[in-house]
Amino acid sequence: MSPTQYAAPPPPPLPENEARNWSMAAHLAPILLAPISAGLAPVLAPLVIWLVFRHRSPLVDDQAKESLNFQITLTIAYVVGLITLVLLVGAVIMLAAWVLSIVFGILGAIAASRGDLYRYPLSIRFVR
């Protein structure tokens, strides 16, 4: 018997409306989960969405990675803000990161609801 006989079939593609919903969730979940998770869920939410659905929809693959990269960038900004909090610059950095996370997350969710690809303007591309 050949090894291909035992391989699992590829997952079925997501319908367009579900792909848009999961793409929106990748942008909105970090905003909604940040206050109740001590900062861990904003990174985990798009990571889980990307890992589960990346092979089922190119839209979800792209947008979940985009959200994940932005959340990692924000985490770095928050750490820098905490370190520089003693200099009072940290409070400004943390406030700016918080406001940008909300504004850009909503803009990303709106674009994803239309099926458009959204690029965060201040994001470092860690996951490609």
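The shown structure was predicted, so the numbers you read here are calculated from the model rather than taken from an experiment. Worth knowing before you read on, the calculation uses all heavy atoms, side chains too, and leaves out hydrogens, waters and symmetry mates.
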Exercise: identify the closest heavy-atom pair between [X] and [Y]:
X      : Y      : result
Tyr120 : Ser67  : CE1-CA, 3.8 Å
His27  : Gly105 : CB-O, 3.5 Å
Ser57  : Leu14  : CB-CD1, 4.1 Å
Pro30  : Pro46  : CG-CD, 3.9 Å
Gly115 : Leu59  : O-CD1, 3.9 Å

Legend entry - side chain to side chain contact (heavy atoms under 4.5 Å, CB included) evaluation trace for Trp98 with Ile93: CA-CA 9 Å; Trp98 177 69; Ile93 293 171; over 6 Å; no

Rounded to the nearest 0.5 Å, what's the gap from [atom1] on [X] to [atom2] on [Y]? Could you check?
X      : Y      : atom1 : atom2 : value
Tyr118 : Ser123 : OH    : OG    : 10.0 Å
Ile76  : Gln71  : CD1   : CD    : 11.5 Å
Trp50  : Asp61  : CH2   : CG    : 7.0 Å
Leu44  : Leu68  : CG    : CG    : 9.5 Å
Leu74  : Leu122 : CG    : CG    : 9.0 Å
Ile31  : Ile102 : CD1   : CD1   : 6.5 Å

Determine whether [X] and [Y] fall in the same hydrophobic cluster, where Ile, Leu, Val, Met, Phe, Trp and Tyr are linked whenever their side-chain heavy atoms lie under 4.5 Å apart.
X      : Y      : answer
Ile110 : Phe104 : yes
Leu28  : Ile49  : no
Ile106 : Val103 : yes
Val92  : Val80  : no
Leu85  : Val79  : no

Inset, instruction - For atom CH2 of Trp22, decide whether the heavy atoms of other residues, nucleotides or ligands shown that lie under 6.0 angstrom number more than 12. - result: no

Inset, instruction - Check for a donor-acceptor pair, side chain of Lys65 on one end and backbone N or O of Val127 on the other, with a separation under 3.5 Å. - result: no

Legend entry - Check: Thr73 side chain, Ile124 main-chain N or O, donor-acceptor pair, under 3.5 Å: yes

With a 4.5 Å limit on heavy-atom distance, are the side chains of [X] and [Y] in contact?
X     : Y      : result
Glu66 : Arg125 : yes
Met94 : Leu82  : yes
Pro42 : Phe70  : no
Leu33 : Ile36  : yes

Inset, instruction - May I ask you to say whether Arg20 pairs ionically with Asp116, meaning some side-chain N is under 4.0 Å from a carboxylate O? - result: no

Inset, instruction - Before accepting this row, confirm whether a basic side-chain N of the pair Glu18/Arg56 lies closer than 4.0 Å to the acidic partner's carboxylate O. - result: no

Inset, instruction - Report the C-alpha separation of Arg54 and Asp62 in whole Å, then their side-chain angles, then the decisive distance to 0.1 Å, and conclude whether the salt bridge (Lys or Arg N to Asp or Glu O under 4.0 Å) test is met. - result: CA-CA 8 Å; Arg54 67 182 170 179; Asp62 181 75; over 6 Å; no

